[in-house]
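Notes for the one structure printed next.
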Amino acid sequence: MSTYLRSAALNDSNIDFKPKTRECVYYKESRRHKTRAAIIVSVGRQSSTPYTLQVRRNGTVAEEKKVSRELLKRVDPEAEEYRALEEDFKVLADVLARKKKKKTKDEAEDSSAQAESVVPYLPLHEALKSEKVAKKKPQMLRIATLNVCHLGGVHVPPDRDRDGVTTRGPKKLSWEKVLNLAATVKGSLADAVVLQEVDTGAQAAVSCVAREIGPDWRVVLTGATSNNPTSHGAKECYALIYNESRVKEVLGGAGAAAEGSLRVQSFMYDRMNTGDSAFRSDAGWGNGNRADFTFDGASGARLPGFFRIHHSGSERSLVLGTIHAAFSNAEVRALQFKAIKSLLPETLDSGRVIFALLGDFNSDATNTRNMASSVSFADTAQGSALAEDLKERSFVNVSSPNNATSIGGMHYDEVFVPSAVHGRRHAHVFPTRPRFEALAAYAKNGSGDRGEGAGEQLDPKVVFTPVEMRSRNSSKTDELTTFNSEVYTDHFLVFVDLEFKGDAEGSFSKMTVAELRAELKKRNQKVSGKKAELIARLTAEGGGD
């Protein structure tokens, strides 16, 4: 150590000297060098040489890196040494100020450019408010299915915390997802929706969605969809959310019978022991041997679930079955499709019971055996065999394979109903994938216009994700995962309108002969005959319009 530095270290003013950023110091590189004016630019983490300096040397300003504390000395503004270097200190301070100003300006420009390049955020739940959907007739129930992609524990903002609930379940979910799911159900005008991929024990989360839809909405969950603790199904269940007043109105019908009450039940499939005798009677299962959906504990073999809503006054019921078929295991999915028939009624009193089997069948999963990406499931051998099974039980699949039911554009979700009660010719998707993408296109100009064919095309998964949630993502995969699990889901809602057989006949009886013939013409049916014949033809063909 030099004499200069040794004396500095012994000086009381330099004991425990730890200069900070932007502090003026004396700098003496070695014994043969002069003492120079310097300013600390940064302090690193290296214990021996942590300092970076701006040094005034021979009329110029230079940067010195990796400088040890022993080469520095505290400045005393009253000392002769400082007055000799005062001008150098002023120059250094001016240079540092100019650099800071330039850095601030550059950062502001970068921030401005980044702000301009950030894809604007549009709340999906707000965008869906402008979407239009066909209205249903008073005697019809709108039944829907929606895979909610791991809906579980939910964080409730203070202004929404009506029950003192803050968190339920093993994880927290964005309130964004709750609002978006609720807006989807509300916008579809559905009366009852079966949900797949609900985390077990997620009663609070599903209840939050129901409350956002409206005060008349109720919730019921099933047990776990698998008894195999290593299966994904062991952590999942099904849920039913339904509009109690609407369901009671339709099930009750007219007259004194409408004064009864509703009984709501949920069951997991257990072959002959599913549910109680009242359920099995409504489901029209008879005494036949039913398929074993466990498939010896195979991976992805989730059990079907059932919900029954019964009206005590009219003795009419709504029975909804749902299933989440295997996605990655094509072998198990093929077995599930073969067993579907055993879930359908052998005989059904369609004047007293509305029965539907709907859910995420993963029909067009790309690993379906012998299926090319350009061929829909309906055109495969499996699809044809399933269609024959449905026909044998007088059921139809009203979910068109041409309609994308997933964010990625695939058709996964099916709706099987008795031909005698389905009111509309086909199930509908809400929102449709083209509309979903069109809504995102208008986030750029903020015009609020929701027409087709205008605006800049933007990725909906980015547009509908809050900016602060996007910052966590490092890749497109992360982006998609965040959107599916925390912002919305990877499926669209699929719905169909159903009515009791007698109600369908009653709605046709109010139509004129001309209206009946027009309806038959739309369905490519024979239009000749008397009114009673026309009504019988329409009723046999499949209910209201």
Side-chain angles (χ1 to χ4, degrees), residues 110-133 146-151 171-188 196-197 209 327-328 360 362 364-366 373-374 376 402-413 428-494:
D110 290 344
S111 178
S112 176
Q114 185 177 8
E116 290 180 1
S117 65
V118 169
V119 175
Y121 162 60
L122 175 66
L124 178 58
H125 51 272
E126 291 295 331
L128 289 174
K129 289 180 180 179
S130 64
E131 290 301 280
K132 305 299 182 183
V133 68
L146 178 62
N147 182 316
V148 290
C149 192
H150 304 300
L151 178 63
K171 64 174 182 287
K172 293 182 180 180
L173 288 182
S174 164
W175 192 251
E176 192 80 9
K177 177 159 185 158
V178 171
L179 294 178
N180 289 337
L181 293 176
T184 298
V185 175
K186 192 171 184 178
S188 72
Q196 301 85 38
E197 274 197 49
V209 176
F327 177 78
S328 58
D360 177 9
N362 280 311
D364 278 5
T366 53
S373 59
S374 60
S376 72
N402 298 322
N403 291 336
T405 66
S406 73
I407 301 296
M410 303 297 287
H411 177 87
Y412 292 142
D413 304 86
H428 300 265
V429 180
F430 183 83
T432 64
R433 189 167 182 257
R435 287 302 302 150
F436 181 72
E437 294 177 339
L439 289 172
Y442 292 93
K444 193 71 173 180
N445 57 34
S447 67
D449 183 10
R450 296 292 183 260
E452 294 280 7
E456 179 184 348
Q457 184 59 54
L458 300 172
D459 186 349
K461 297 185 295 296
V462 178
V463 171
F464 298 132
T465 300
V467 175
E468 65 273 15
M469 296 177 71
R470 300 176 201 166
S471 63
R472 303 201 302 263
N473 304 324
S474 59
S475 69
K476 286 292 183 182
T477 300
D478 292 338
E479 208 167 70
L480 180 60
T481 300
T482 297
F483 182 81
N484 292 350
S485 62
E486 299 182 40
V487 178
Y488 190 42
T489 178
D490 51 353
H491 285 246
F492 297 119
L493 180 143
V494 181

For [X] versus [Y], what's the shortest heavy-atom pair and its separation?
X    : Y    : value
V148 : E197 : CG2-O, 3.7 Å
R470 : T465 : NE-O, 2.8 Å
M469 : T482 : CE-CG2, 4.2 Å
F483 : T489 : CE2-O, 3.7 Å
V429 : A404 : CG1-O, 3.8 Å
K177 : C149 : NZ-O, 2.7 Å

| query | Is there a side-chain contact between H428 and V133, using heavy atoms and a 4.5 Å cut-off? | reply |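 No; the side chains remain at least 4.5 Å from each other.
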| Check: H411 side chain, T405 main-chain N or O, donor-acceptor pair, under 3.5 Å |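 It does not hold such a pair.
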| query | Taking D413 for the side chain and F492 for the main chain, is one N or O donor matched with an acceptor at less than 3.5 Å? | reply |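 Checked: no pair found.
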| task | Evaluate the criterion side-chain contact (heavy atoms from CB on, under 4.5 Å) for residue pair V462 and Y121; output intermediate values, then yes/no. | result | CA-CA 8 Å; V462 178; Y121 162 60; over 6 Å; no
| query | Stepwise, does the side-chain contact (heavy atoms from CB on, under 4.5 Å) test hold for D459 with V119? | reply | CA-CA 9 Å; D459 186 349; V119 175; over 6 Å; no
| request: Step by step, work out the side-chain contact (heavy atoms from CB on, under 4.5 Å) result for F430 and T184. | output: CA-CA 7 Å; F430 183 83; T184 298; 4.1 Å; yes
| said: To the nearest 0.5 Å, what is the distance between CZ on R433 and CE on M410? | reply: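 The CE atom of M410 is 10.5 Å from CZ of R433, to the nearest 0.5 Å.
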| message | Parallel, tilted or perpendicular: which one describes the rings of F464 and F436, with boundaries at 30° and 60°? | response |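 Tilted, since the angle between the ring planes falls between 30° and 60°.
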| task | Apply the test side-chain contact (heavy atoms from CB on, under 4.5 Å) to residues N147 and D490: give CA-CA distance (whole Å), side-chain angles for both, the deciding distance (0.1 Å), then the verdict. | result | CA-CA 8 Å; N147 182 316; D490 51 353; 4.2 Å; yes
